[in-house]
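In what follows, every chain begins at residue 1, and chains take the letters A, B, ... in the order their sequences are listed.
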Amino acid sequence: MSWQFNAENENKFQDLLKRYPKKNSLALPALWMIQYQDGWICEDAMKFLAKKLDTSPMDIYSVASFYTMFHLQPIGKYNIQVCKTLSCKLRGSEDIKKHIENRLGIKAGESTKDMKFTITEVECLGSCGTAPCVCINEDYIQNTTPQMIDEILDGLK
Amino acid sequence: MIKKIESRNFNIKDSHVLQVARQNGRYSSLEKLFSMSCEDVLNEVDKSGLRGKGGGGAATGGKWKLVPNPSKKPTYLIVNADESEPGTFKDRQILEYDPHLLLEGIICSSYALHAHHAYIYIRGEYVFWAKRLQIAIDEAYKAGIIGESVLGYDYKLDITLHRGAGAYICGEKSALVESLEGKRGHPRLKPQQKEPEWFFGCPAVVNNVETIASVPYIVENGFKAYREFGTEKSPGTMLFGMSGHVEKPGIYEIQFGESMSEFIERIGRGIKNGKKLKAIIPGGSSVPVLRADEIEGITLDYESLKAHGSSLGTGGMILMDESVFMPDVVKNLFEFYHHESCGQCTPCREGVGWSDKLMGKILDGHGTKKDLDTLLSLSFILNGKTICVFAPSVAYIIDSYIGKFKDEFYSLVK
Ligand SMILES: Cc1cc2nc3c(=O)[nH]c(=O)nc-3n(C[C@H](O)[C@H](O)[C@H](O)COP(=O)(O)O)c2cc1C
Ligand code: SF4
Ligand code: FES
C-alpha cells in the first residue's frame with residue numbers, strides 16, 4: 001500500500017470510528033484528513049480510504065467528486081475564493097474579482113505558473129451582511145476592498 | 001423593536017468562552033430540564049408553537065412527535081448548520097458569539113427526544129466557526145456538561161461536529177443525512193405520510209441551529225413566556241438579516257409580526273446612499289421577489305408573507321435599489337442554482353441549466369420573445385415534478401421576476 005495516513009490522522013480516524021454507528025460516515029472526515037495531509041486528494045489516497053471503509057475506490061471517488069471543496073487535482077498554495085452570489089454582487093464583487101485577476105495576471109478558474117495562487121469563483125459564503133466576501137484558503141475577508149486585497153496578497157509568502 | 005432572546009449574549013465580551021457563558025446564564029435551564037420528564041419537555045416545546053427557523057417553518061413539536069416512543073433503535077438529533085441559502089448568515093452569529101447556547105439547546109432537545117448522540121453538520125467553508133464550536137464542545141466535555149453523565153444527572157449525551165465540503169443541497173434535510181452517512185448529498189424521495197428522517201435506519205430529527213438555540217428559553221421560562229412574543233401562529237422571535245443595498249446590513253433579532261418597512265427603515269436605516277428601494281427578496285434567494293410597492297402592510301411572520309405571495313423563508317432579506325436591472329439578478333440566481341443542482345432529477349438538472357443558458361442568450365442581445373416563452377414553460381417543468389423543492393424554487397424565481405418586471409425582460413428581446 002503506497003498511500004498512508006500519517007500517525008496523527010490515523011489516531012484521529014480511530015477516535016472518530018467510535019463516534020458513528022457505522023464507519024461509512026467517516027468518508028467526509030477522512031477525505032478532509034487526506035486533503036490536509038497532501039493539499040489535494042490523489043487516486044492512491046482514495047484507494048487507501050476505500051480499503052479502510054470496506055468499500056470500492058469508485059464509491060469514494062463518487063463521493064469525493066460531488067463536493068466542491070475536495071480537490072482531486074493539485075491547486076495553488078493560496079486558493080483565492082471570490083463569492084459571486086447576489087448579495088456580494090450587489091456590493092461590488094465583480095470589481096474585486098477583476099482587481100485580483102489583474103494583479104495576478106490570471107483569470108478565475110486558473111492558477112499562476114508557480115502554483116502559488118489559484119482564483120476560484122464560489123457561491124454564497126454565508127457572509128452576505130459583510131459583502132463582498134473573499135475567502136483565502138480558510139480565512140474570510142469581509143467588507144473587502146481592493147486595498148485590503150493588495151495588503152493581504154503583499155503579505156503572502 | 002429589537003428583542004433579545006437568542007442574541008442576548010452576543011455583545012458580551014468573550015461570550016463564547018464557557019466561563020463567561022456560564023456567568024451569563026448559559027446552562028441555567030438544565031436544572032429545570034432534569035426536573036421534568038422527557039415527555040413534559042416535548043409538550044412544552046410543542047405548546048410554545050416554536051417553528052423551524054431553517055426556512056420551512058414546520059412546527060418543531062409536531063416534528064419531534066414523529067419519533068417513535070419508545071423506540072427499539074437509538075434516536076439521533078442532527079443539527080443543520082449548513083447555512084448556504086444566499087442572503088442567510090444568521091446561524092453563524094450563534095456559532096460565533098454563543099456556541100454554548102447551541103449546546104444547551106442540544107442537551108434540552110436530545111433529552112426530549114430520548115437521544116444520546118447529536119451531530120452538528122456544519123458547512124465546509126465555516127472553518128473559523130467549526131473551530132470555535134469544537135472548542136466549546138471540548139470545554140463542555142471537560143466540565144462534565146456533556147458526556148457520560150450530563151452535570152451529574154442520569155443522562156448520557158455525546159455531541160459530534162461533522163464538516164460538510166461545499167454543496168448547497170446538503171442543507172436539505174434528507175440530503176444532509178445522506179451526506180452524514182458518507183454518501184453524495186442527494187435528497188431522498190419523500191414518504192407518503194409524515195415520518196422522521198432515518199439515519200442508518202434509526203429515527204432522526206433534523207433541526208436548524210437557530211431552532212435548537214430557541215429551546216432553552218422555552219424550557220426555562222415555559223411556553224407561555226415564549227408566546228408573549230410574536231403572533232398567534234408565528235410565536236417568538238427570529239434572527240432576521242438584511243444584505244444588499246441597505247445602509248446597515250446585519251442580523252437583528254425581532255419578534256415575529258413587526259412591520260417589514262419599519263424594520264428596513266428603523267433598523268436597517270433605509271436604502272444605501274439615499275436611493276430608492278426597487279425590490280426585496282424576503283427570506284433567502286429561493287423565495288419569490290417582492291416589488292417595493294408591494295411591501296406596504298407586510299409584517300414579518302409566516303402568514304403575512306404567504307398572503308402577499310412570497311415566503312418568510314430563512315428571514316435573510318436581500319434588498320435591491322433602483323439601479324438594479326432585474327434580468328441581471330435572474331442570471332446571477334440561475335448560475336447559483338445551475339451550479340448547485342444535485343443532478344438526480346432530469347427536469348432540475350437539465351431545466352435549470354437550460355434556463356441559465358437562455359437567460360445568457362437574452363442578456364447577450366440574441367434572445368427572442370419565444371425564448372422568454374420557453375423560459376416561462378420551463379417553470380412548469382420545474383414545478384412539482386422533482387424529488388426535492390430545489391427545482392420548484394427556481395420555478396418561483398422565473399415566474400415572480402418575469403411576472404413582476406415584465407418590461408425589463410421584454411425590452412431585451414426582439
Ligand atoms: C435546497 C434546500 C436547502 C436547504 N438549506 C438549509 C440550510 O442550509 N440550513 C437549514 O437549517 N435548513 C435548510 N433547508 C431546510 C431543511 O431541509 C430542513 O427543513 C431544516 O433544516 C429543518 O429544520 P427546522 O425545522 O428547524 O427549520 C434547506 C432546504 C432545501 C430544500
Ligand atoms: S430537485 Fe434538483 S436538487 Fe432536488 S433532488 Fe432533484 S435534482 Fe437534486
Ligand atoms: S452572497 Fe456572498 S456571502 Fe452570501
Heavy-atom contact with chain B under 4.5 Å, split by part of [X]:
X        : value
A:Lys89  : side chain
A:Tyr140 : side chain
A:Ser65  : side chain
A:Lys23  : neither

Problem set entry | A:Gly109 backbone acceptor or donor facing A:Glu121 side chain under 3.5 Å |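 Side chain of A:Glu121 to backbone of A:Gly109: no pair is present.
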Problem set entry | Check: A:Gly126 main-chain N/O paired with B:Arg92 side-chain donor or acceptor under 3.5 Å | yes
Heavy-atom pair count under 4.5 Å with chain A, highest-scoring of [options]:
options                                : result
B:His117, B:Glu85, B:Glu83             : B:His117
B:Lys183, B:Met320, B:Lys248           : B:Lys183
B:Gly250, B:Ser285, B:Ser323, B:Ser179 : B:Ser179
B:Gly164, B:Gly316, B:Gly241           : B:Gly164

Exercise. Parallel, tilted or perpendicular: which describes the rings of B:Trp129 and B:Tyr126, with under 30° parallel and over 60° perpendicular?
Worked result: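 Ring orientation of B:Trp129 relative to B:Tyr126: tilted.
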Exercise. Taking the inter-plane angle between the rings of B:His162 and B:Tyr121 on a 0 to 90° scale, is it parallel (under 30°), tilted (30 to 60°) or perpendicular (over 60°)?
Worked result: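 Because their plane-to-plane angle is under 30°, the rings of B:His162 and B:Tyr121 count as parallel.
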Under 4.0 Å between a side-chain nitrogen and a carboxylate oxygen: does that hold for [X] and [Y]?
X        : Y        : value
B:Lys276 : B:Asp321 : no
B:Lys90  : B:Glu210 : yes
B:Glu247 : B:Lys272 : no

Given a strict heavy-atom distance threshold of 4.5 Å, which part of [X] is in contact with chain A: side chain, backbone, both, or neither?
X        : answer
B:Cys202 : neither
B:Tyr119 : side chain
B:Ile159 : backbone
B:Glu335 : both

Exercise. Does CD in A:Gln73 sit with more than 12 non-hydrogen atoms of other residues, nucleotides or ligands closer than 6.0 Å?
Worked result: no
